[in-house]
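Just so you know, ligand 1 is whichever comes first in the structure, and atom 1 is the first atom listed for that ligand. The analysis underlying the following values was restricted to heavy atoms, covering all of them including side chains, and did not include hydrogens, waters or symmetry mates. None of the values given here were measured: they were computed from a predicted structure.
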Amino acid sequence: MSTIEQKGMYKVFPRSGKNVSFTHYCPGCGHGIINKLIAEACAELGLQDRTIYVDPVGCGVFTYYYWDAAHISAAHGRASAAATGASRARPDAVTIAYQGDGDLGAIGFNNAFQAASRGEKFACIFVNNSLYGMTGGQMAPTTLDGEKTTTTPFGRDPALTGYPLHVCEVFNQLRAPVYIARVSVADTRRIMQAKQAIRKVFEIQRDGKGYAILEILSPCPTNFKMTPDKAAKFCAEEMEKEFPLGVFRDNSASAERPVVRPIPQCATCAELFAEKTVIPAAVDDPDFAEKRFKFAGYGGQGVLSLGLTVAEAARLEGRHTLWFPSYGPEQRGGSANCSVVVSGTAIGSPTVEHPDVLVCMNQPAYERFVGDVPKGGIIIVDETVPINVQPPEGVKLVRWPAIRMAEEFGVPKAANTMMLAALKKFDCTGLKGENLESALVASFKKKPELGEKNRELLRKAEGRENVS
Ligand SMILES: Cc1ncc(C[n+]2csc(CCOP(=O)(O)OP(=O)(O)O)c2C)c(N)n1
Ligand code: SF4
């Protein structure tokens, strides 16, 4: 790719701490040409301010350094899933998923195929260079019969590894896609055709018409182990025998704008959306010191709802707050934890690596997180947990009889309410006690009698003395 300034691209690419004006692609790589064509089409159509590129893992990974528009980096194979989310959240955006043939054809095939089947409103630009370029040239689903790769050193043998995958032809079995085509960048004539097709998929997205996929045959001289001209020839001659160029479907002229998708109406969502109207905005208060919490135990011990109660109390108080659950694979008995952040200003990340307050309901949870608590922090641990690992210096440890008290009160399931009592008693949250109580009661809104019962138990537990 030349160093001449290109439309739709940044002027310099700040890679590896340097400002350079060339890309990372190998000489003769099709990605470089395709990147330029995409950037030009986007800029020429005046769509830069509306475009969201979803970048892959593969040799195309650095497109966020090159294309001047919004970007999301997806995990390997997940660009179509991320593009689904982006285009649903921003229906008026022009969303472009850029994917290699390993990315889309192998690990990401199902989510790409299902997105196409649902007719998501984005375009997939699918770069087929017949192998895994970034990782050193292994076989991909698109590798040709007899093609040598690092994992098929004697040539791909269909008896062993099957036949090349024809993505356009397979997607052409689906009803929803509006446009399906295959082009190439092997020579100038083909590049000009590719440019037209790329413009077309941008136009389809600009006009909100639905799903489009454009496969682009692309040379990879490095892993073909060929000079750029020989690699381009291989792409034009050998790859096209297996993957003929052409437009498989073009319904763009007749396609209507897809209907706006309704908000999902399962009971929980309906409740959340209904509530949304009454949630007051958080009030900025830079004097309120941010607090980070981790609540951990087994699934079924109520640690997730305990965290949610603290977050809800923060919300009632007009604080910024986030609750972030993490589940083990089991519904009951597996490990579970959640992170809660309460802040006087907007919160950047919901993850909590160093909790100021750690609440542990069991030994594995304690041993997993004890070392993460910083100086000045507090750990509240159920008294049944043996303390085989000492907390870091300057961290206060409270052993609290949550499980025992809940049993004594005749409500064993209320051990999490007992923990809330400890948080209130030792003033760990920085939140008003009345808000903690209200949040607790609100968490039982489907069973109001339990809400009041838990408030009563909370007050009883809070009055508990002789805690080690
Ligand atoms: C989940 C996951 N699995 C595997 C990898 C390793 N990996 C990185 S890129 C890649 C394949 C890239 O090939 P392709 O999608 O064809 O793109 P190209 O590099 O050829 O443009 C693989 C397997 C990864 N990063 N993440
Ligand atoms: S390895 Fe292949 S696909 Fe990757 S940048 Fe080099 S030529 Fe392009």
Would you please write out the protein residues whose heavy atoms approach any atom of ligand 1 to under 4.0 angstrom, listed by chain and number?
His31, Val57, Gly58, Cys59, His76, Gly100, Asp101, Gly102, Asp103, Ile107, Asn129, Leu131, Tyr132, Gly133, Met134, Thr135
Expected output: side-chain Thr161 to main-chain Arg156 donor-acceptor under 3.5 Å:
no
For the backbone of Ile403 and the side chain of Asp382, can you confirm whether one donor and one acceptor N or O come within less than 3.5 Å of each other?
yes
Please report the number of protein N, O or S atoms that lie less than 2.8 Å from atom 4 (Fe) of ligand 2.
1
Could you walk me through whether His71 and Tyr66 pass the ring pair (Phe, Tyr, Trp, His ring centres under 6.0 Å) test, one step at a time?
CA-CA 10 Å; His71 285 263; Tyr66 309 146; 9.3 Å; no
Please give me the minimum heavy-atom distance between Ala43 and Gly8, naming the atom from each residue.
CB-N, 3.6 Å
Closest non-hydrogen contact found for Tyr211 with Ala112 is OH-O, 4.3 Å
Parallel under 30°, tilted from 30 to 60°, perpendicular over 60°: which one fits the rings of Phe295 and Phe293?
parallel
So that I can tick it off, tell me whether Arg182 and Glu240 are bridged by a salt bridge, with the cut-off set at under 4.0 angstrom between side-chain N and carboxylate O.
no
How are the rings of His31 and Tyr25 set to each other: parallel, tilted or perpendicular (split at 30° and 60°)?
parallel
Rounded to the nearest 0.5 Å, how far does CD of Gln99 lie from CD of Glu215?
12.0 Å
